[in-house]
There are 2 protein chains.
Amino acid sequence: MSTFDKESHEAMSIIKKTYKDQVVDYVYQLLLSGDLSPGDQLKESLLAEQMGISRAPIREAMKELIMNGLVDYRPQVGNFIPVLSPKQIIDSYTTRGVLEGFAVMETCRQFSGEDFEKLDNLVDEMARFAHMSNHKMVVQVGGEFHDLLISKSNNGQLLEYTDRLSLKLHILFYKHWGRLYSPEEIGARHNKIVESIKSQDLDRIEKTVREHYIETGTKIATL
Amino acid sequence: MSTFDKESHEAMSIIKKTYKDQVVDYVYQLLLSGDLSPGDQLKESLLAEQMGISRAPIREAMKELIMNGLVDYRPQVGNFIPVLSPKQIIDSYTTRGVLEGFAVMETCRQFSGEDFEKLDNLVDEMARFAHMSNHKMVVQVGGEFHDLLISKSNNGQLLEYTDRLSLKLHILFYKHWGRLYSPEEIGARHNKIVESIKSQDLDRIEKTVREHYIETGTKIATL
DNA sequence: TCACTCCTTAATGTCGACATTCGACAAGGA
DNA sequence: TCCTTGTCGAATGTCGACATTAAGGAGTGA
């Protein structure tokens, strides 16, 4: 039907409508490209000038970035890209491990044979891309892996927090993810998670996922 | 010294400075007093008129309320007090239980004899106030109890989320807390937590705190 | 009666200008 | 030298007005 076509067309072309959303994406790009580094200040006037808009939508975007932990706000002073201490890095990853560990544990019985097949394939892909030093694809496939892990949970509150955390950690540290572990280690570490789910041992699952993230955080914190 | 006196005086008198903070507090009061109920819309123009200020600080305040989960934002439509379904209530309490359960478990060895004395006293107080049907004090002492429980944790990321969750749940449901359980049940439920910490059994501690909150959420969800 | 279109209304989204406040640096005195 | 004080610049905080858009009702046709 034409109605559907129209809707899907709109969905494709007008994904970003308000200036606020464009600003958020712009800042994400600045961070991912390295043009913006921890400690840098985001000056509203400067951003407004660069994007050819007023400060109002800039301020709106700042609030969203603050909510997602990608900007530190100091009243009457300004907005800064956060500089995470080693402990703060570990804390963030630990919290993510606590939340996702619970999510996976709680939903472990919903994983089908097809799901396990997908998970195994994703692990293989990660190891293969790691062997080819294609760090970008390692990160992408790793994202799919973790998305599938928590996809069974329908705890909206928990997913809200895990989404925020994974976004924050992705933006701030994705550059390191591909080089943290050897291809063999990457495969082994993620296989460990899949195996724990297959075991249906609740405590083991939760502990495995938790330690996976704590290990990752500890490693990043020591870079 | 006069320097100290001056600082403490300032800290006492100039707590609320910006209009934004005043708006946030104003909305909290509206919620706590019942003048604002789930489903109600917060119209920027109306709030601005009521407080004699412009819409700019109102919008700033909305962002903070959204971040804390006390306002639902619908683009181009407005800001609404969230209407939580029974499942959403349970999800929120479950998530709080997961986070605080981990926090308490991880710090259980730091509780001193003095801490346990305080915890026991707080439980007694709660039961006593419950017997007197002083629901307000039950809630307040309960807050002190839970604050002490997580006070040992220095995981900033985890505390950030637990603070947001406890604030949200307090604002939305504090009215019910005093009447959920009998005085005996209140004492028993909280004693169970203290006893688990005394046992130093990590799994038991985490499980106890978790179930404490899931139970509470389930009970509130059925009201 | 029902469905569709148009229009009005009221809310949010954005703008440019002004007010306020923090931080740094320079000047002065113990 | 160190501490205090005053000034200045630059950034955020706030304002009132205008632009844009979503929701609901009036009106028309079958």
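So that the names make sense, note that chain A is the first sequence line, chain B the second, and so on, each numbered from 1. This structure is a prediction, so every number in the text was calculated from the model and none was measured.
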Would you tabulate the nitrogen or oxygen pairs shorter than 3.5 Å linking the protein to nucleotides 22-26 of chain C?
from, atom 1, to, atom 2, distance (Å)
C/dC22, OP1, B/K17, NZ, 3.0

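- A salt bridge does not link B/D21 with B/K17: none of the charged nitrogens is closer than 4.0 Å to a carboxylate oxygen.
- With salt bridges taken as basic N to acidic carboxylate O contacts below 4.0 Å, one links A/E206 and A/R210.
- First and last contacting nucleotides of DNA chain D toward chain B (any atom under 4.0 angstrom from a heavy atom, 5' to 3' order): D/dT14 to D/dA23.
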List the atom pairs, donor and acceptor, that lie under 3.5 Å between side-chain atoms in residues 68-78 of chain B and the rest of the protein, sequence neighbours left out.
from, atom 1, to, atom 2, distance (Å)
B/N68, ND2, B/Y28, OH, 3.4

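- Contacts of B/T216 classified as side chain to side chain donor-acceptor pair (under 3.5 Å), with partners at least two apart in sequence or in another chain: B/R189.
- Of the residues in residues 41-60 of chain A, those with a non-hydrogen atom less than 4.0 angstrom from any atom of DNA chain C are A/I53, A/S54, A/R55, A/A56, A/P57.
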Would you mind writing out the side-chain donor-acceptor pairs for residues 46-60 of chain B within the sub-3.5 Å range, not counting sequence neighbours?
from, atom 1, to, atom 2, distance (Å)
B/Q50, OE1, B/Y26, OH, 3.2
B/S54, OG, B/A56, N, 3.4
B/R55, NE, B/E44, OE1, 3.0
B/R55, NH2, B/E44, OE1, 2.9
B/R59, NE, A/E60, OE2, 3.1
B/R59, NH1, B/E44, OE1, 3.3
B/R59, NH1, B/E44, OE2, 2.9
B/R59, NH2, A/E60, OE1, 3.2
B/R59, NH2, A/E60, OE2, 3.3
B/E60, OE1, A/R59, NH2, 3.2
B/E60, OE1, A/K63, NZ, 2.9
B/E60, OE2, A/R59, NE, 3.1
B/E60, OE2, A/R59, NH2, 3.3

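- Helical stems of DNA chain C (runs of at least 3 Watson-Crick or G-U pairs, donor-acceptor distances under 3.5 Å) are listed by first residue: C:1-30 with D:1-30.
- In this structure, the side-chain contact (heavy atoms from CB on, under 4.5 Å) partners of B/E160, at least two apart in sequence or on a different chain, are B/Q157, B/R164.
- The aromatic rings of B/H212 and B/H146 sit tilted, their planes meeting at an angle between 30° and 60°.
- Every residue two or more places apart in sequence or in another chain was checked for a side chain to side chain donor-acceptor pair (under 3.5 Å) with A/N79, and none qualifies.
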Table please: side-chain donor-acceptor pairs of residues 96-111 of chain B below 3.5 Å, with sequence neighbours left out.
from, atom 1, to, atom 2, distance (Å)
B/R96, NE, B/E100, OE2, 2.8
B/R96, NH2, B/E100, OE2, 3.4
B/R96, NH2, B/Y213, OH, 3.4
B/E100, OE1, B/Y213, OH, 2.7
B/T107, OG1, B/A103, O, 2.9
B/T107, OG1, B/V104, O, 3.4

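- A/N155 contributes atom CG, which lies 5.5 Å from atom NZ of B/K87 (distance to the nearest 0.5 angstrom).
- Annotation: side chain to side chain donor-acceptor pair (under 3.5 Å) contacts of B/Y93 (sequence neighbours excluded): B/W177.
- Every residue two or more places apart in sequence or in another chain was checked for a side chain to side chain donor-acceptor pair (under 3.5 Å) with A/K175, and none qualifies.
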